[in-house]
Structure formats: structure tokens, C-alpha cells
Amino acid sequence: MDPVDYRSLTGAEIRALCRDGKFDGPTAGVAAGFAQANLIILPATDAQSFAEFCRLNPAPCPVLEVTEPGDFEPRVLAPGADLRTDLPRYRVYRDGVCVDAPTSITPHWTDNLVSFLLGCSFGFESALMASGVPVRHVEEGRNVPMYRTSIACRPAGLFEGPLVVSMRPMTEEQADQAVRVTAPLPQMHGAPVRIGAAEELGIADLDHPDYGDAVTIRPGEVPVFWACGVTPIEALIRAKLHFAITHEPGHMFVTDIRAGA
């Protein structure tokens with residue numbers, strides 16, 4: 001059987017594979033041209049404070065959709081989809097500790113849960129590649145490298161923590177092009193937060209990311225950093241909520257919305 005070309009599939013086709021247990025890997029490079037989203041699920045009693053955290057930190061937390069309590073259908077981004085089954089993999093947290101990493105959260109679902117869907121930089125990667133900017137983790141078949149920084153987010157209630165960034169290596173000329181491509185897309189984290197100078201973000205070793213996989217940085221390339229949707233996961237962990245669910249880092253919800261739409 002020929003291997004599946006995940007890049008050529010639609011968001012709905014990727015979600016169907018997830019639902020049927022046929023795809024559970026990172027979503028970088030899949031469903032080219034479709035926007036992807038980070039997923040944060042938490043009790044309704046904590047939703048207002050989390051919404052304020054997102055408002056105060058729009059670069060890492062661009063809100064695309066918020067569901068009503070108990071509603072697992074993202075009616076704006078993908079009508080008919082099911083947030084309990086349609087991501088490749090999830091993380092379930094209790095008191096700030098990850099206790100499960102399932103491919104379905106249906107057994108964990110309750111009627112008081114609110115889902116936040118936040119923009120993801122995977123959505124702009126097709127545009128980067130089309131403009132001649134490399135996306136190394138896609139080239140190497142890896143998850144994007146992500147790093148905690150020394151930059152603190154603005155707190156809201158229980159929610160606080162460091163900015164987390166994703167990194168893509170490229171030449172300085174390509175980085176200039178990457179800024180032009182991504183700056184008009186604040187719903188996908190927008191322009192880079194830093195080009196080069198990893199130490200200014202408090203990142204000591206690019207070969208050991210806090211999330212995802214290390215990638216090759218070739219001679220003449222610099223690391224380019226974008227705000228990352230793992231930032232609110234860090235805030236959730238520090239808040240030590242009794243219960244919360246997120247996507248597995250790098251394993252996003254693939255929407256029906258075209259990237260940049």
C-alpha cells in the first residue's frame with residue numbers, strides 16, 4: 001500500500017483519520033493550507049480567568065474560538081467536528097500533573113468543560129515554504145522544537161508562566177522574508193519575537209528543546225523564534241487546576257479554515 005500523503009489531505013480528512021485511530025503524530029506539514037489550532041479545555045469556573053490571560057498575552061494565545069460549556073463541536077472552525085476525538089493526541093492534567101496522553105478524551109468529558117482553540121504557527125508554514133523559506137522540522141519529519149524562555153507572561157488570576165517559543169532555522173535573508181509572510185497573521189502568532197540571540201530569551205542549548213525535537217541548524221543560519229501555543233499549557237501546569245486537557249504539543253486540531261483567511 002502506498003504511504004498516505006498527509007500534506008495533500010484536507011482538515012476534515014486528517015480529523016477523520018484521528019477519530020478512527022489511524023493518525024496520532026505531529027501535524028506539522030499535514031493538510032497544507034489549512035489553519036491549525038492549539039486546544040485548551042478547562043472547567044467553566046476557570047474559563048473567565050483563562051480568557052483574560054489570553055487577552056493579556058495575545059501573541060502566544062490568539063483566540064480563534066471558545067465553545068459553550070459541555071459543547072465539543074467547534075462550530076466556527078470546523079462544524080461537525082468533535083474535539084474529544086479529532087486531534088492526534090491529548091494530555092490530561094490533574095493538579096498540574098499529566099496523568100494520561102490518550103488519542104481520545106471521550107471518557108474524560110463532562111458537561112462543565114469549556115474549550116479554547118488558539119491559533120498555531122503550523123498554519124503559516126505552507127506560506128513560508130511557498131515563499132522559499134525552509135521549514136526544517138517538516139523537511140526532517142520531526143516535531144517543531146519549542147523552548148521555555150526567561151520572558152514572563154502577564155498574569156491573570158491563577159494563570160502565569162513563561163513565554164514558550166517555537167524555532168525554525170534559516171538564513172538572515174530568509175528571516176526577513178519570514179517576517180513579511182507572518183507579520184500579517186496575528187491569529188497564527190504573527191511575526192517572530194526574536195531573530196537569533198537565543199541567549200536573550202534565556203535559551204542556553206538549542207539542541208535540547210523543552211518540547212518537540214531538535215533540528216539541524218546549518219552553517220550561515222540563525223534561529224528564528226515565534227510565540228508558541230504551548231505557553232498556555234505552561235500556565236495551566238503552574239495553576240495546578242484540579243482538571244484540564246490540552247493537545248499533546250505539536251499535535252494540533254486541523255480546522256476547515258484556510259490559513260490566512
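Numbering of residues begins at 1 and proceeds along the displayed sequence. For the numbers below, each heavy atom of this structure counts, side chains included, while hydrogens, waters and symmetry mates do not. Not measured: the values here are computed from a predicted model.
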Quiz prompt | Expected output: side-chain Q36 to main-chain M252 donor-acceptor under 3.5 Å | solution = no
Quiz prompt | F72 side chain reached by T67 side chain, heavy atoms, under 4.5 Å | solution = no
Quiz prompt | Under 3.5 Å donor-acceptor, H247 side chain and R91 backbone | solution = no
Self-check item: T171 side chain to R218 side chain, donor-acceptor N/O pair below 3.5 angstrom
Solution: no
Quiz item: At what distance, to the nearest 0.5 angstrom, does CG of L185 lie from CZ of F124?
Solution: 8.0 Å
Self-check item: Donor-acceptor contact below 3.5 Å, side chain S150 vs main chain L201
Solution: yes
Quiz item: Are the aromatic rings of F243 and Y93 close, with centres under 6.0 Å apart?
Solution: no
Quiz item: Would you call I41 and W109 a side-chain contact if the rule is heavy atoms closer than 4.5 Å?
Solution: yes
Exercise. Test K240 against D95 for salt bridge (charged side-chain N to carboxylate O under 4.0 Å, His left out), laying out the working first.
Key: CA-CA 4 Å; K240 296 183 178 180; D95 302 317; over 6 Å; no
Self-check item: Modelled atom types, side-chain donor and acceptor of E248 and Y211, under 3.5 Å
Solution: no
Practice problem: Under the side-chain contact (heavy atoms from CB on, under 4.5 Å) rule, what do L77 and L64 come out as? Steps first, then yes or no, please. | Solution: CA-CA 8 Å; L77 297 178; L64 303 180; 3.9 Å; yes
Quiz prompt | Side-chain donor/acceptor of E73 to backbone N/O of G80, under 3.5 Å | solution = yes
Self-check item: Step-by-step ring-ring contact (aromatic ring centres under 6.0 Å, His included) determination, F50 to F116
Solution: CA-CA 9 Å; F50 183 74; F116 286 77; 4.8 Å; yes
Exercise. Could you walk me through whether R136 and E221 pass the salt bridge (charged side-chain N to carboxylate O under 4.0 Å, His left out) test, one step at a time?
Key: CA-CA 11 Å; R136 188 64 38 77; E221 292 183 332; 2.7 Å; yes
Quiz prompt | Six-ring centre of F225, R194 cation under 6.0 angstrom, axis tolerance 45° | solution = no
Quiz item: Between N38 and G119, is there a donor-acceptor pair closer than 3.5 Å when you use the side chain of the first and the backbone of the second?
Solution: yes
Quiz item: Going by heavy atoms in the side chains, are H251 and P26 under 4.5 Å from each other?
Solution: yes
Quiz item: Can you tell if the side chain of Y6 reaches within under 4.5 Å of the side chain of T27, non-hydrogen atoms only?
Solution: no
Quiz item: Counting N and O atoms only, with roles assigned by atom type, does the side chain of S104 sit under 3.5 Å from a partner on the main chain of T106, one being a donor and the other an acceptor?
Solution: yes
Quiz item: Has the side chain of Q187 got a donor or acceptor atom that lies under 3.5 Å from a matching backbone atom of P62?
Solution: no
Quiz prompt | Side chain S49, main chain A156, donor-acceptor under 3.5 Å | solution = no
Quiz prompt | Distance under 6.0 Å and angle within 45° of ring axis: R154 vs F53 | solution = no
